[in-house]
**Q** 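Right, I'll just put the structure down here and ask away after.
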Amino acid sequence: MRLIRPRYDALKAVAEGVNRLAGPDMGILLITHYQRLLNYIKPHFVHVLLSGRIVESGGPEMALELEEKGYDFIRVKHGETPTGKD
């Protein structure tokens with residue numbers, strides 16, 4: 001007989017901890033390129049940094065747009081060369 005062990009989703013566990021901490025008396029600054037994390041932690045604000053500066057700000061929909069389009073459209077919009085990597 002083969003034992004089947006449940007998969008432990010560490011990312012989900014961390015996100016649940018962050019969500020428990022966040023509230024009116026505790027803000028969270030989360031820096032990520034990992035959209036899956038944002039499936040568990042819903043951002044109130046999204047900021048995009050380019051060359052060390054915040055160049056775009058928006059709501060949670062911005063994270064979804066970045067996941068869909070990549071970052072090159074932001075680079076082009078702000079006069080930088082697209083990398084073609086995303």
Side-chain angles (χ1 to χ4, degrees):
M1 177 181 264
R2 183 174 174 201
L3 270 178
I4 299 174
R5 295 184 182 165
R7 287 184 58 199
Y8 179 75
D9 188 341
L11 189 62
K12 186 175 180 180
V14 168
E16 287 170 354
V18 169
N19 286 330
R20 276 194 300 275
L21 287 173
D25 296 325
M26 173 68 74
I28 303 293
L29 173 63
L30 177 68
I31 300 171
T32 185
H33 289 225
Y34 200 37
Q35 175 59 41
R36 184 166 169 246
L37 185 58
L38 299 180
N39 293 336
Y40 298 120
I41 301 173
K42 298 297 180 202
H44 295 142
F45 304 99
V46 174
H47 304 290
V48 179
L49 277 76
L50 185 63
S51 301
R53 295 182 357 254
I54 295 175
V55 294
E56 297 282 332
S57 294
E61 67 283 346
M62 180 172 282
L64 296 172
E65 183 179 19
L66 290 167
E67 177 69 14
E68 180 184 319
K69 295 181 179 179
Y71 289 84
D72 275 349
F73 84 98
I74 299 283
R75 289 181 184 97
V76 170
K77 184 176 179 180
H78 292 278
E80 294 204 5
T81 304
T83 65
K85 294 180 182 177
D86 45 38

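Both backbone and side-chain heavy atoms feed into the values below; hydrogens, waters and symmetry mates do not. Values in this document were obtained by computation on a predicted structure and should not be read as measured data.
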**Q** In the single-linkage hydrophobic clustering (I, L, V, M, F, W, Y; side-chain heavy atoms under 4.5 Å), do Phe73 and Val55 co-cluster?
**A** yes

**Q** When rounded to the nearest 0.5 angstrom, what is the spacing between CD in Glu16 and CG in Leu21?
**A** 12.5 Å

**Q** Contact between Leu30 and Ile41 at the side-chain level, heavy atoms closer than 4.5 Å - yes or no?
**A** yes

**Q** Is the count of non-hydrogen atoms from other residues, nucleotides or ligands lying under 6.0 Å from Lys42 atom NZ greater than 12?
**A** yes

**Q** Hydrophobic clusters here meaning ILVMFWY residues chained together by side-chain heavy-atom distances under 4.5 Å, can you tell me if Leu64 and Val48 are in one?
**A** no

**Q** Enumerate the side-chain hydrogen bond (donor to acceptor under 3.5 Å, both in side chains) contacts for residues 46-60, please, sequence neighbours excluded, ordered by first and then second residue.
**A** His47-Ser57, Ser51-Glu80, Glu56-Lys77, Glu56-His78

**Q** What distance separates Asp72 CG from Thr81 OG1, expressed to the nearest 0.5 Å?
**A** 9.5 Å

**Q** Looking only at non-hydrogen atoms, find the nearest pair between Pro60 and Pro43 and report the distance.
**A** CG-O, 3.3 Å

**Q** Cluster question for you: counting only ILVMFWY and a side-chain heavy-atom cut-off of under 4.5 Å, with indirect links fine, are Leu50 and Val46 together?
**A** yes

**Q** Are Ile74 and Leu49 connected in a single hydrophobic cluster, I mean Ile/Leu/Val/Met/Phe/Trp/Tyr linked by side-chain heavy atoms less than 4.5 Å apart?
**A** no

**Q** Would you mind listing every ring-ring contact (aromatic ring centres under 6.0 Å, His included) that reaches into residues 16-40, with sequence neighbours excluded?
**A** His33-Tyr71

**Q** Report the distance from atom CZ of Arg20 to atom CE of Met26, rounding to the nearest 0.5 Å.
**A** 13.5 Å

